[in-house]
Amino acid sequence: MFELTTWMVLIPALPLAAALLTAALGPRLLKNKSHLPAVLCIAASFVCASILLWQVYQQTDDDGVPGGSSRVEKRLDLWTWAAVPAAMTHSGDSATDATTAEDSSFDFVIDVTLRTDPLSAIMLVMVTFVATLVAVYSIGYMNDDPGYWRFFTYVSLFVFSMTMLVSVSNFALLYVFWEAVGVCSYLLIGFWYQKPEASAAGMKAFLVNRVGDFGFALGVFLIWTTLGTLNFHDTEVDGVITQPGVFGQQVLSDGDYSSFPLATAGVLTAICLLLFVGACGKSAQWPLHVWLPDAMEGPTPVSALIHAATMVTAGVYMVARCTPLFVASGAAPIVVACIGCLTAIMAGFIAITQTDLKRILAYSTVSQLGFMFLALGTASLAGVVAGMFHLFTHAFFKACLFLGAGSVMHAMGGVIDIRRFGGLRKLMPVTHATFLLGCLALAGVIPFAGFWSKDAVLAAVHDAAHGDPSTNALFTTLYWLAWAAALCTAFYTFRAFFQTFYGEEEIPEEAGHHAHESPSTMTIPLMLLGFLALAAGALGPWFSNFLAHTPSLSMERLRGAEHAGFHWDVAIIGTVISVVGIGAAAFMYLRSPGTVSALTDTMKAAWLYQLSYGKLFFDQLYSVFIIWPLKILAHIFYVLDMLLIDGLVNLCGWLPRVFGAVLRPMQIGLVQFYALAMVLGLLVLIGILLR
Amino acid sequence: MGFHEQIDALIDDTQRSLALFGPELALCGTIILLLLCRLVIGDRLSSTLVAFAGTVVGLVAALFSWSQVAGTSQEAFTGMLVIDSFTIYFRIFLLAFAVLFVVFTWRSGIPDREDAADFYTLALGSLLGMCLMVAANHLLMVFMAFEMASVPSYVLAGILKGRRKSSEAALKFAVYGAGAAGIMLYGISLIAGVTGTVHLPSIGASLANTMAADPSSSVLWVLGLGGLMVMVGLAFKLSAVPFHFWAPDVFEGAAAEVGGFLSVASKAAAIALLVRVAIGFGFVQEASAWVDAEDQSVVQTTNGVDQTSIASASGETTSQIFIAARIQDGNSASGQNSQDVQTTGADHQQGTDQQDTDQQSGDQQGTDQQGADQQTELTQPDESQLSPEQQAAEAERLAEEARALGIAQRREAQEVANESLGPVRTYISYLVGFLAAITCTFGNMAAYGQSNIKRLLAYSTIAHAGYMMFAVAGAIPSIGTSTTLAQDHISALAVYVAVYLFMNFTAFAIIAFLRNQTGSEEISSYAGLIRTSPGLAVCFSLLLMSLIGLPPLAGFAAKLLVFSALADSGLWVLLIVGALNTVISLFYYLRVIKAMCLDVPEEGQQVAVFPIWKNIDGWFIFLLTLPVVVLGLFWGPLREWALAACSQLLS
């Protein structure tokens with residue numbers, strides 16, 4: 001009863017139950033108690049996830065060796081959703097067997113299998129924990145919203161999808177839940193669909209993600225045609241492996257895909273890059289990052305949960321999960337590292353001049369996700385662990401920051417522009433304190449969580465820069481670019497912080513009588529997250545040791561690059577940089593506000609300010625190079641439509657009309673004609689026969 | 001064999017066959033009861049109740065027979081019918097449909113109290129015909145069953161008395177049906193004339209013989225023509241283009257209930273019959289090399305031709321088997337159908353057979369289980385008297401020997417025969433595939449512009465007939481070459497039909513319930529349904545999405561299987577046509593969903609209020625929609641079952 005498998009089922013099942021319950025009873029019965037099922041079920045789910053993590057941990061620490069060789073994995077085969085055997089293999093004994101390899105037709109089998117290993121256990125705990133706090137927070141934040149029940153339905157549905165996404169053991173199902181979290185995200189961004197910006201943002205997120213998902217889908221197709229399976233695990237029949245999985249024992253012991261005849265390095269690179277396109281879409285990496293800042297139109301708890309802590313990290317999770325593929329491909333991780341680093345610095349640069357508190361945090365998220373991809377791109381155990389650890393700590397401090405921003409927004413009557421309020425530290429002491437904790441963690445100040453994880457990321461890049469000679473130069477460049485990004489991070493974080501909480505007290509008139517500290521349902525989650533932003537870094541060594549027991553990370557090939565020890569130089573540079581960044585912000589926004597405008601003017605002269613403020617004009621670029629051409633194309637088609645008798649769309653209605661011109665008169669009445677038509681039809685068939 | 005022996009053989013065969021005929025007998029009984037009740041006790045006993053009880057008994061009998069037939073296929077009524085797992089699968093399907101249909105019509109109230117007896121008599125009569133279609137093993141039976149299913153449905157189409165459209169629909173249906181039946185009968189007579197047999201398994205053998213002798217024989221043209229004409233009849237039932245003209249008119253004119261009946265049950269039976277006929281023409285069964293043994297020649301009037309053809313095909317093999325058959329005859333002193341020899345060739349088989357017989361007949365008679373037990377006890381001593389142990393052992397040994405000797409040679413002969421049938425299969429596959437492609441495309445195209453939901457579903461039904469025929473077209477080429485593959489493909493069809501029952505029938509049920517409230521069957525009248533009755537709108541949307549074939553709903557599973565059958569057979573053109581059609585179908589199904597969920601009802605328009613939890617109607621819809629979701633997520637068991645259903649088709 002109390003086995004791993006029980007928790008594996010309960011963790012996603014409880015939020016699903018909550019979603020169904022709230023959807024069914026919300027509008028009529030629960031009304032403004034709609035949070036009850038969601039909060040209770042998600043909290044229960046968190047408890048289950050904690051127990052699961054504990055039980056998984058119990059199994060790892062047997063050997064006591066750091067990063068020991070034992071692989072901890074538990075699978076629960078629920079049922080086989082699709083099993084369509086290939087034509088050739090299943091005609092059996094006859095001579096057709098010889099053609100099997102040539103035709104390379106594979107059985108199409110999709111097992112609904114849940115898995116748990118250290119990687120997914122950590123993700124589960126993180127997701128359900130943040131979701132619980134966000135759900136509690138939302139009780140206060142969303143109260144008296146007309147769509148109260150709708151909100152909790154979506155959130156529960158999201159938690160279900162996300163926990164499934166990290167639990168499934170199959171690319172097809174991964175894709176399904178990948179889309180499912182996308183749908184939830186879409187629904188929640190456009191939650192206030194009456195607002196045109198919100199529904200436009202939802203649309204934008206959906207469309208940009210579609211580009212990524214298309215790549216992901218192609219990647220999944222390519223995996224199937226190359227490897228003949230979509231399962232992560234081996235398919236076993238009576239203990240004999242009938243079909244090796246994508247991350248099965250064969251692959252893990254070989255360290256590459258040499259046992260699959262079709263999997264050449266080129267194909268693997270193609271697979272990895274296609275999967276990474278998907279990851280770019282979901283995790284808002286350049287060039288598909290444009291949707292995330294706009295997604296801030298959704299309710300703030302959603303921004304905290306989906307667009308900071310959990311869903312956007314799905315891409316990181318997926319790439320981490322696919323480490324064996326990326327390592328085997330060789331070239332793909334470098335692309336990942338480059339894109340990650342580029343995104344980190346680009347988003348950091350943009351965030352410096354933004355004035356919308358939530359957008360600053362959104363760009364910061366994009367930037368931090370870039371750090372995670374940079375770490376994964378080193379294709380070493382240390383890198384993957386560092387990336388996942390950064391994901392883990394980031395979830396806490398970024399959720400803390402977002403919820404803090406939400407608290408500010410709640411008090412300010414929906415105003416989120418940092419120029420319009422200030423000096424809120426006395427008005428909102430709890431929010432101020434927790435926000436500070438989050439900021440310190442994000443800026444990477446010792447001993448906050450962000451320091452340790454960012455340090456691990458940069459240490460991994462540092463190692464990579466001293467590893468393989470062919471990529472040394474590249475990784476050295478990335479290493480210093482990453483520091484530049486870190487400097488931006490420290491600066492913009494504290495810029496936002498000082499402008500919000502320090503200076504003269506300034507309250508916009510929209511705030512009305514709202515301008516006070518938020519209720520306890522909102523502050524308690526803030527305090528918890530603030531504490532974790534401070535303390536989660538202490539988990540570092542345990543975390544990396546634990547994560548190394550993940551089967552797909554325990555390949556021999558990854559082992560060589562282990563010993564991502566503590567680098568003093570990295571730590572010192574990190575501290576210096578964060579102090580410089582915070583100092584600069586403090587100097588400019590607290591001491592002598594005059595320098596701000598002076599500097600702004602200088603920057604404006606160099607067009608840097610406009611570049612940053614205009615978000616590097618990506619939206620405009622896309623409009624000019626993608627949206628406008630498409631619109632022009634649409635117009636061309638529209639004109640063609642007009643010319644070609646109302647065009648393609650009407651043609652669809654027109655074809656039946658053409659048929660109808662012949663057929664409908666008969667259809668209306670004359671039964672004699674029906675008989676004639678039957679005879680004619682028969683004659684036509686006879687004609688074909690006699691041909 | 002003397003006259004008396006032949007009479008005995010006949011009686012024995014009839015007894016054995018009746019035992020396999022339980023569900024149909026239940027239907028017959030119900031029909032008679034319905035008619036008698038009306039005469040004798042008038043309105044005091046609700047006809048609906050009688051019909052319900054009768055169909056439930058039939059369904060139970062059908063389910064019961066599933067566990068019984070586990071062995072191989074058996075011919076019944078001197079080869080007129082064949083009872084195998086395929087028959088039983090479809091029989092269960094049809095009777096389950098009948099039960100649901102009775103419940104549905106009871107709730108929707110379309111046959112009013114006065115009409116109920118007539119309505120159910122006709123519907124059950126038609127269902128009986130469909131059960132026979134599914135089991136038909138003989139071209140005459142094919143025709144009989146076809147007519148038996150059709151004629152009552154002509155009347156059903158016009159059951160809404162006094163409505164001009166309804167009467168018109170019925171008349172058109174009847175005239176069109178008569179034409180189709182005529183052409184089909186012509187085709188049957190051509191085939192009978194050329195092959196010299198109308199027994200389906202023998203046709204294949206005869207055809208193989210002709211093909212082997214002269215692959216370009218002009219006789220084949222006549223056969224092709226005959227096949228084409230038979231196909232016309234089937235295409236009429238399937239409403240395949242260009243023999244579909246009746247469908248939109250009838251669906252629009254007739255009540256939605258009748259529409260559901262025609263679109264699900266009638267179609268299922270027709271597609272099963274198509275499979276039977278196609279296999280009959282394109283496949284030489286192992287058994288058919290010797291099934292028409294002497295002792296059957298009385299019944300099989302056309303045997304002369306047949307036997308010679310077979311003798312030449314399998315040579316001495318046949319004689320070996322005849323010995324076994326004779327010994328068997330001698331032992332049991334009965335004209336036991338020689339197929340029993342094929343299965344085990346021993347007496348205990350017969351014993352169990354008779355046991356089965358008794359159990360089943362006991363079941364039919366109602367609940368008198370004790371009587372059945374007694375009968376069983378009676379038979380067993382009888383049995384031992386007839387066949388002393390020694391004789392039995394001897395028979396078994398001889399039969400085994402004969403089998404061992406015969407099997408290899410028989411297999412070989414069968415393979416040779418099947419190989420020569422290759423062109424026939426290609427012909428059938430192309431014919432069915434061609435019809436399927438145009439049916440599917442036409443159905444989807446025409447559905448596009450419809451504003452009446454019943455008319456839309458009529459065209460959608462036509463399109464789905466196309467998808468089902470795809471499965472048949474995909475299965476036929478592999479029938480003679482790879483039995484497992486062919487069975488796999490036909491099982492895709494069986495899955496499709498089962499899923500289709502829930503999708504389409506429930507959609508018609510929703511239409512009928514909504515019609516009862518608003519009196520309208522226009523798509524525009526569904527505007528705003530999501531607000532007034534969200535549960536119903538969700539169910540209807542799920543059904544429509546399943547009809548499109550979106551995962552993870554059952555329609556997807558069915559389509560996936562059908563399309564993979566096409567891919568396996570290398571029929572890429574059909575696969576592309578099918579895929580494109582799925583895309584086209586997206587538009588018009590989604591249009592209905594859009595009307596329900598997004599459109600705002602016009603001023604003063606009556607919007608139906610249909611709570612899904614509060615009354616039986618709602619539960620009925622909900623419980624029928626549930627399988628569409630559940631079967632989409634767990635379709636493994638259904639597929640296993642469908643595979644089992646097809647496992648005896650090509651034995």
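Chain naming here is simple, since letters A, B, ... match the order of the sequence lines and numbering starts at 1 in each. The structure displayed is predicted, hence computed values, not measured ones.
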Checklist outcome for this item: Turns out that what part of B/F236 lies under 4.5 Å from chain A's heavy atoms comes down to neither
Checklist entry - Any chance NZ of A/K195 has more than 12 other-residue heavy atoms, nucleotides or ligands included, within less than 6.0 Å? => result yes
Checklist entry - OH of B/Y430: more than 12 outside heavy atoms within 6.0 angstrom? => result no
Checklist entry - In terms of heavy-atom proximity below 4.5 Å to chain A, should B/F243 be classed as side chain, backbone, both, or neither? => result side chain
Checklist entry - Pick from B/A180, B/A565, B/G636: which one has the most heavy-atom pairs with chain A under 4.5 Å? => result B/A180
Checklist outcome for this item: Interface check, chain B: of A/L682, A/V684, A/L78, most non-hydrogen pairs under 4.5 Å belong to A/L682
Checklist entry - Would you call the rings of A/W81 and B/F556 parallel, tilted or perpendicular, where under 30° means parallel and over 60° means perpendicular? => result parallel
Item to check | Residue pair B/L633 / A/W79, side-chain heavy-atom distance below 4.5 Å | outcome: yes
Checklist entry - Taking atom CZ of A/R210 as the centre, does the number of heavy atoms from other residues, nucleotides or ligands within less than 6.0 Å exceed 12? => result yes
Checklist entry - If you draw a 6.0 Å radius around CZ in B/F634, do more than 12 non-hydrogen atoms from other residues or ligands fall strictly inside? => result yes
